[in-house]
Amino acid sequence: MTDNVAAEGVLSRLLAVKWDDDEAAFEHQSSRGRLTQEYLRRAALWARALGAEDGWPFFDIAAGVDPGVRADPALVEQLISNSGYALGHPTVRLVAEGALHWAALGDQPRQRFADLDDPYEPMLVLFERGGGFITANGFVELDYGAVPIRTLADRVAQEPKPIDTVTLDELDAK
């Protein structure tokens, strides 16, 4: 069953993003790096759990959990038509649409994979802290910094990093 309420909540978050907020991207450069690392770790764990290593790091994680559950196409269209140039980078678009489809799964991922965290939350917070990113030459480039993608095994072995607001704000204050 599709959780349209959750998908609408994620859509609201994405539509509120100021994709071209260079000041926020600069102010949050440390936390955006942390969030990228945590996304890469979580996505690596999901890739392993779903047998989707070839698609890592940016792949449709929701389809791996249940390809029959997708966000309402009208929500996807609303995201695309209201986000402007920001979704012009294919990887950002893949992540944003992936977050919508993930939300549409509702509790299904937690029921099947209770030990794995929401893979998209780090990227949603990253977007909220200063817009998008690009990928190039083995890095996720964040306007004011870059995070090496590394290997899936490296990211699986990485310790979880807290991404709560207090911790992220403390990182940015240093």
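From a predicted model like this one, the values you see are computed outputs, not experimental measurements.
- Taking both residues in full, the closest heavy atoms of Ile163 and Pro122 are given as CD1-CG, 3.9 Å, listed atom of the first, atom of the second, then distance.
- In this structure, CG on Asp154 lies 11.0 Å from CG on Leu40, to the nearest 0.5 angstrom.
- Around the CD atom of Glu23, the shell of radius 6.0 Å holds no more than 12 heavy atoms that belong to other residues, nucleotides or ligands.
- A distance-only check finds a donor-acceptor pair linking the side chain of Gln158 to the backbone of Gln37 [under 3.5 Å].
- Between the Asn82 side chain and the Gln78 main chain, a donor and an acceptor come within less than 3.5 Å of each other.
- Looking only at distances, a side-chain donor or acceptor of His101 sits under 3.5 Å from a matching main-chain atom of Ala71.
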Trace of the salt bridge (Lys or Arg N to Asp or Glu O under 4.0 Å) decision for Glu97 with Arg93: CA-CA 6 Å; Glu97 288 183 22; Arg93 182 174 174 165; 2.6 Å; yes
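- Checked against a 6.0 Å centroid threshold, the rings of Phe127 and Trp19 count as neighbours.
- Here the shortest heavy-atom pairing between Leu50 and Phe113 reads CD2-CZ, 3.7 Å.
- Using a 4.5 Å cut-off on side-chain heavy atoms (C-beta onward), Phe26 and Asp143 make no contact.
- Judged by distance alone, with hydrogens and angles left aside, the side-chain atoms of Arg34 form a donor-acceptor pair with the main-chain N or O of Pro162 at under 3.5 Å.
- Between the side chains of Asp172 and Ser31, at least one donor N or O lies within less than 3.5 Å of an accepting N or O.
- Taking 4.5 Å as the limit, every side-chain heavy atom of Phe139 sits out of range of all side-chain heavy atoms of Val147.
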Going through the distances and angles, do Val156 and Leu45 end up as a side-chain contact (heavy atoms from CB on, under 4.5 Å)? CA-CA 6 Å; Val156 165; Leu45 292 169; 3.9 Å; yes
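- A donor-acceptor pair is defined here as one N or O able to donate and one able to accept, closer than 3.5 Å; such a pair exists between the side chain of Arg32 and the backbone of Gly131.
- Ring centroids of Tyr39 and Phe58 are separated by less than 6.0 Å, placing the two rings close together.
- Between the side chain of Asp164 and the main chain of Thr167, a donor-acceptor pair closer than 3.5 Å is present.
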Please evaluate residues Asp117 and Arg110 with respect to the criterion salt bridge (Lys or Arg N to Asp or Glu O under 4.0 Å), reporting the C-alpha separation (whole Å), side-chain torsions for both, the decisive distance (0.1 Å), and the verdict. CA-CA 8 Å; Asp117 294 317; Arg110 281 186 294 284; over 6 Å; no
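- Across all their heavy atoms, Leu126 and Gly132 have their closest contact at CD2-O, 4.4 Å.
- Put simply, the side chain of Leu105 does not reach to within 4.5 Å of the side chain of Asp3, judged on heavy atoms.
- In this structure, Arg41 CZ and Trp46 CH2 are separated by 12.0 Å, a value rounded to the nearest 0.5 Å.
- Here the shortest heavy-atom pairing between Ala74 and Asp72 reads N-OD1, 2.7 Å.
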Take Asp169 and Arg129 through the salt bridge (Lys or Arg N to Asp or Glu O under 4.0 Å) test and state the conclusion after the steps. CA-CA 10 Å; Asp169 288 345; Arg129 287 180 162 255; 2.6 Å; yes
Evaluate the criterion side-chain contact (heavy atoms from CB on, under 4.5 Å) for residue pair His28 and Tyr144; output intermediate values, then yes/no. CA-CA 9 Å; His28 298 298; Tyr144 297 98; over 6 Å; no
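- Residues Ser30 and Leu171 come closest through the heavy atom pair CB-O, 3.7 Å.
- Using modelled atom types, one side-chain atom of Glu38 and one backbone atom of Lys161 make a donor-acceptor pair closer than 3.5 Å.
- Side-chain contact between Thr91 and Ile134 is absent, with no heavy-atom pair separated by less than 4.5 Å.
- One N or O on the side chain of Arg112 and one on the backbone of Val65 form a donor-acceptor pair closer than 3.5 Å.
- To the nearest 0.5 Å, the span separating OG1 on Thr2 from CD on Gln108 amounts to 9.5 Å.
- To the nearest 0.5 Å, atom CZ of residue Arg13 and atom CD of residue Glu128 are 4.0 Å apart.
- Atom CD1 of residue Ile80 and atom CG of residue Leu14 lie 11.5 Å apart, to the nearest 0.5 angstrom.
- A distance of 6.5 Å separates CG in Leu75 from CG in Asn4, rounded to the nearest 0.5 Å.
- Contact check for Asp60 versus Arg70: side-chain heavy atoms found under the 4.5 Å cut-off.
- Between Ala47 and Leu152 the shortest heavy-atom distance is CB-CD1, 3.8 Å.
- Using a 4.5 Å cut-off on side-chain heavy atoms (C-beta onward), Tyr120 and Ile61 make contact.
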